[in-house]
Each structure stands twice: as structure tokens, then as C-alpha cells.
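Chain naming here is simple, since letters A, B, ... match the order of the sequence lines and numbering starts at 1 in each.
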There are 2 protein chains.
Amino acid sequence: MPKSGRNKVSSLQDLADLAGVSRATASRALNDNPIISARTRKKLQALARKHGYSINRQARDFRLRRTSVISVVFMLDVESQQHMSDPFFLDMLGGIADALADHDYDLLLAHAPIANILDVKESRVMRQSDGVIFIGQEQQLEQLNQLAEDGQLMVVWGYPVPDKKYVVVGGDNVGGGYKATKHLLEIGRRKIGFFGATNNPENAARHEGYLKALSEYNVDPDPTLKVDVPFEMLRAREAIIDMLDSQVELDAVVCISDVMALATMSTLQELGLRVPQDISVVGYDDITLAAYSSPQLTTVRQNIRHAGRILVESVLGLINGENVPDTMLSSELIIRNSCGAK
Amino acid sequence: MPKSGRNKVSSLQDLADLAGVSRATASRALNDNPIISARTRKKLQALARKHGYSINRQARDFRLRRTSVISVVFMLDVESQQHMSDPFFLDMLGGIADALADHDYDLLLAHAPIANILDVKESRVMRQSDGVIFIGQEQQLEQLNQLAEDGQLMVVWGYPVPDKKYVVVGGDNVGGGYKATKHLLEIGRRKIGFFGATNNPENAARHEGYLKALSEYNVDPDPTLKVDVPFEMLRAREAIIDMLDSQVELDAVVCISDVMALATMSTLQELGLRVPQDISVVGYDDITLAAYSSPQLTTVRQNIRHAGRILVESVLGLINGENVPDTMLSSELIIRNSCGAK
DNA sequence: CTGAAAGCGCTTACAG
DNA sequence: CTGAAAGCGCTTACAG
């Protein structure tokens, strides 16, 4: 019973009635299906525009048994929930959000720390999205593998481990750790600390790069210079104080993140040490603030926004049934003033 | 044609068949509708658990004409897209995400800078969510009003303006600006700069608090000490340099954000000025890094995570047809070492 | 307390 | 090139 006039066009049926065609034709026309005559298509599309009608995506997605949603899960280190307030993650989230928007997907954010991923297997995050992006692997490698084996479409930001069963996108962490350390060695540092817990693949790889550089310079790694402090700042502070109290010699430190490097510099300065004159500091990530600390932080840049795009394209590839390879993004040393090279 | 045994239970119908009841009863039972006998309810719920079945939320939401999604729109200052990488926003996003999860809502993130909100009126952000949280008002007050008048359920993080037609949750910006400035006055500063663009209601209110404190101490505000630099760090740097070049006297500065304060301190130090001895600096927000700069930053704390909860409860109230009042959260001065009070 | 039926707004084989 | 019909997985008045 088509009603013409000022009535609100709020469904395909309304539009079809208005145009004097069937709902099926209207559907095909709006989807620009070439099986429909160009004339009919144009007509329906114009009519839709005129009446401010657009296809109800919820209904369409429901019908097509898809969600047009990608979940993003932050694998926070459960002990240090601060983790996610690292600006690094916001930049990454921004990159992912933008890339997703370009592909007309929505971003569902799972933020709460997840002690065991398998707990969320039946949650909305998994069931109500077409794919999942995990940020970080932390210590849940087996659980991630299990999910992947169950057929979950997923890609992980991190560093590839030998037996992984999922697609990984990540930075060249070995290279990053290597470049940072080599830089310190080149400017004459020899007592180089490594600050950050290496109980996840990314940080372990950075540490590997650190060791590689040391060995090239024939410097024996000193285990007392390795501080297994988690990603959290308060602890970093304590760890540094402990270390200096114990009279170890230290003339430089490689940090696992800029946030940790910033906390380290601040603690050192507070203790009366000068950066870089007494101790050089290198960070990791190149967050925006790194260029505005004093001294400005020398750091390893990861191209986060680009990483966001790759992550998105990788899940989308998976959804389209493509064979998606791992991606390793290069890392670049950004030399500023915290090491003394300038 | 119920098939018992190991067949996957993937719809209400499957479950109903298994239990020998109708789909309607199964639906009511799983929703714990008291009209169904307790016995039947328990039975169905147990069966669902046993077979790992849970109601398909997409179908349910579709049927109920709701989305269980709240959109979060960051009103970035279009000129300085850096804006959102301010850690403040990540903390806020985290607070919102957590509160939403508690209420079983999803968070849809609209991140791309939006030149004109009305452009997104017909977008997924608006159409495909039950309500919207806007972070910041920036210069789009009229557009926000228009949306609200069109019946969009929305709440805005910001500062209430006289003719606004939407619910506002925000900090006590006048009080915050006042406390920061008063603190500087108390420790003897008189040439107090104000750094940050005041072209949005929040910052304008902070500036108002600044003026209020000055007037209490009979200090005439000096317009050359007000730097209308946007929320972006590179520009802050230039502005400060310009200012110092022009030989104005300056012994303290109130900044619109911690990020700006950090950039300010770094620039001052680079120019050979000491903080706080030569110039005191106060920030705003109390981001995590504020406690780890050198010197540690004195700042105005906004309880961001709590703000996130209030924002969520406010939209949800709107959805439930409640009368939702504005909320103003108190601001607290956190005294550290960047002013010289200690 | 329970069930048969209608319907949310779409898409797509199938038939013409 | 177009349409009638079925159906995605639910919920809820209505009737019993």
C-alpha cells in the first residue's frame, strides 16, 4: 500500500514502492548490481539520495552473516595495567581506526586486561566481529595458537615465534635493539644497561639485537646491567635506584619504550646524574613526546600508523580468504640529544 | 525435525528442539523471563551452557531495533590533528571502554577528524549506535546543538555554554585554571603566562580562572603573556621562542595541557632557562608522564577514568529516557617540582 | 505457563 | 532485466 508524499522513506520497501519496483530490484540497484539496467539503477540511487535513504547496515550485515566489525584486543600485561596508557598504543589505535574506516569497517575496542584469551572466545569480541587484531602477544602464545587453530581469523602485532599459527605484523625488533646499542657503542659507551622485561617475544628480540651489537664490539654482556623491569614506570624508577645503589658501573641504557626512557632520564636527573654527559639513554617507539623531553630523546622509530594499515589489510586479507604473509616493518634510529652524539 | 546428539547448537531453534519446547519458550527462558516456570528456565539455561550456546546478539539487537553500541567521536581540532595523540585521550577512552563493557555495550570509535559534524549525521556512527559521546566541543557548538535538536542521543565532554541543548560532562575548568594560577601567585610569581588557544569553552574557562586568580592578587593581566597557541607541540615551541625573543618578562606559565607543559619545559631548558628556578610551569590533566618529567610536573588533575564512567552513565541514562543532568567534576592541583613550591 | 505466528530490513537463488 | 518467495536468528503480542 504505497503512500506517496512526505512520508519518511525508511526501508527498501518504501523506496521500492516509491519507484514502482520490487524490493529485490531496489536492493540490487542500490548495490549497483550490473544485472539491473543502468537506467533503473540510476533512478533508484537518485531517489534514495533525494529521500535521504541508505541501506540499513545492521539488517544487511545480519542477512549476509557478517558484522563489518573488526575487534582490537590489547593484550595488556596483567601485572601492569598501566601499559595501555602508553601513547604508543593510542597512535597505533588511531592508525588502525583510520585504515578500518577506509574499508568501511568498524572498530570494536576490547580494552579490559585479559588474563586468559580463551575466556573471551565466546565473547562478543570474537563472535561479533569478522576478525580480530591482537596488540601484543605477551605470555599467551599457546592460547593465541589455540584460537588460531580453532579457525579464528586473527592477526597479531608482535614478533614471530617459531611455532606460531597466526599472522604476525611487527617491527624489526632485533634490528632496532641492534641499532640503538650500536649507536651507543660508536660514541664510546661500554657499560650499557638494558631496561625492560624480556618475557615477551618483541622485547626478547630487542635484547637479542643488543647482545649482537655488544658482541660485534667485543663487549661482554654484564648480567647485572640487565634490568627485568616491566613496562611500568614506577617500577622502572625503583629498579634504577636499586641499580645505582649497588654501585654498578653504567654509562648508557637501552630502554624498551620511550615511556620507560623518559622515566629513566627523569630518575637519573633527580639523582644528580646528567643525561647524556654521565649516562646516555635510548628509547623505543618515537612517541610524539620523545621530541619534547629534555634532553630530546634518541630513539628507535616504529612507523606506527603504517603498522596500523598493514594490520588492517592483513585481517581483511584473511577475511577474503587470501594467503596473508607476516610483515616485518623496518626500524629506524632517530638521533636526538639523549646520547651525546650531537 | 530435532536431531539429538553431537550436532552443533547454533540457534534458539536448535536448543528448543533439544529441549522439546518452542522457540518462544527457549527465548524467554534464556532471558530469564519470570513468566516461564523456574524449572523450565533452569533447564534451558543449563542446556545452553552445556552446548556452548548463547543468544546471537546481532539477531537480537536487530529484532529489538537497537545496536548495543555507543559511538565515541573525538572532535579533533582540524588544524592540529596531533591532538588525539595526547595521552589524556587514551586514558579517557580507556575509562569509557571499561564502563561500557560493564553495561554490555560496545564502543565504536570514530577517530578521523571531522570538519563538520553534520556530515556524519547519516553515517554509521550516528545511525548504527544507540548513543554518541563527543569528546570536546571545539568550535562546532551550533552543529552540536543542531544534532541534539534533531533528537540524537548524545553527551559531550567539555564545558557548558549558555545556549547548549545537550548534556555536558566536564571538569571544573574555571576552578582548575584558578587553582593553578593561585598557586603560582602564592609562591611569588607575578609575570604569569597563559599558553593555549582559548577558542573552545574548556580552555576559555581555564583562562577565566586564571584571570580570576590574578585579579584576587591585584595583578593586571598582561595580554602579551597570553599565547594563543593551539594544542600542538611544535607550535608551542615556536610561540615560546618568539615570546622570549621579544623580551617580555615571564616568571611562570600556566599551560592548557600537560603535553604542552612538557613541551614548554623542554623548550625553556633548551634555551638555557631553569625550571622552576627561572620560570615555573603548571600543566593540566595529570597524565601518567607528568610524574616522570624532570622536573616533575605540577598540574591540575582531572579524574579521567571517573569521567569516562560518568559519560557512559549519562548516555545510558538518556537511552533509558531518564532526565540526565550535566556533571561537573572537581579539579585538583597536584603539586610537584615544576613550580618551586617544594 | 506455553506455543503459533508475525515480523525486524535486508539479499539471493530461482523462475520467468 | 525483474519479481515472488524464502530466510538470516531472534522477540513478543496474542491466544489458549
Checklist entry - Which residue pairs satisfy the salt bridge (charged side-chain N to carboxylate O under 4.0 Å, His left out) criterion with at least one member in residues 19-34 of chain A, sequence neighbours excluded? => result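 For residues 19-34 of chain A: A:Asp32-A:Arg41.
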Pairwise N/O distances under 3.5 Å, protein to nucleotides 6-10 of chain C:
unit_1	atom_1	unit_2	atom_2	d
C:dA6	N6	B:Arg23	NH2	3.3
C:dG7	N2	B:Arg63	NH1	3.0
C:dC8	O3'	B:Arg65	NH2	3.0
C:dG9	OP1	B:Arg65	NH2	2.5
C:dC10	OP1	A:Tyr53	OH	2.3
C:dC10	OP1	A:Asn56	N	3.2
C:dC10	OP2	A:Leu12	N	2.7
C:dC10	OP2	A:Tyr53	OH	3.4
C:dC10	N4	A:Arg23	NE	3.3
C:dC10	N4	A:Arg23	NH2	2.7

Checklist outcome for this item: When rounded to the nearest 0.5 Å, the distance separating CG of B:Leu153 from CD1 of B:Ile133 is 12.0 Å
Checklist entry - Between A:Asn200 (side chain) and A:Glu202 (backbone), is there a donor-acceptor pair under 3.5 Å? => result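 Indeed, once roles are kept as given, a pair shorter than 3.5 Å links the two residues.
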List for me each residue that meets side chain to side chain donor-acceptor pair (under 3.5 Å) alongside [X], sequence neighbours excluded, and say none if there are none.
| X | result |
| --- | --- |
| B:Asn145 | none |
| A:Tyr166 | A:Gln137 |
| A:Asn33 | none |
| B:Ser314 | none |

Checklist entry - Is any side-chain nitrogen or oxygen of A:Ser22 closer than 4.0 Å to OP1 or OP2 of D:dG3? => result yes
Item to check | Inter-nucleotide C1' distance (C:dT12, C:dG16), Å rounded | outcome: 16 Å
Item to check | Set of residues satisfying salt bridge (Lys or Arg N to Asp or Glu O under 4.0 Å) with respect to A:Glu313, sequence neighbours excluded | outcome: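 With sequence neighbours excluded, A:Glu313 shows a salt bridge (Lys or Arg N to Asp or Glu O under 4.0 Å) to no residue whatsoever.
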Checklist entry - Which residue pairs pass the side-chain hydrogen bond (donor to acceptor under 3.5 Å, both in side chains) test with at least one member in residues 148-163 of chain A, sequence neighbours excluded? => result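 Listed by first then second residue: A:Lys121-A:Asp150.
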Item to check | Ranges pairing with ranges for DNA chain C, where each run has three or more Watson-Crick or G-U pairs under 3.5 Å | outcome: C:1-3 with D:14-16, C:5-12 with D:5-12, C:14-16 with D:1-3
Next on the checklist: Does A:His306, at its NE2 atom, have more than 12 non-hydrogen atoms belonging to other residues, nucleotides or ligands within less than 6.0 Å?
Outcome noted: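 Counting neighbours around NE2 of A:His306, 12 or fewer heavy atoms of other residues, nucleotides or ligands fall under 6.0 Å, so no.
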Checklist outcome for this item: Only residue of A:Asp130, A:Asp61, A:Asp104 satisfying salt bridge (Lys or Arg N to Asp or Glu O under 4.0 Å) with A:Arg66 is A:Asp61
Every protein N/O within reach of nucleotides 13-16 of chain D N/O, cut-off under 3.5 Å:
unit_1	atom_1	unit_2	atom_2	d
D:dA13	N6	B:Arg28	NH2	2.2

Item to check | Selection: residues 32-41 of chain A, any non-hydrogen atom under 4.0 Å of DNA chain C | outcome: none
Checklist entry - In chain order, what residues pass the ring pair (Phe, Tyr, Trp, His ring centres under 6.0 Å) check against A:Phe62, with sequence neighbours excluded? => result B:Phe62
Next on the checklist: Between A:Asp106 and A:Arg57 (salt bridge meaning N to carboxylate O under 4.0 Å), is one present in this structure?
Outcome noted: no
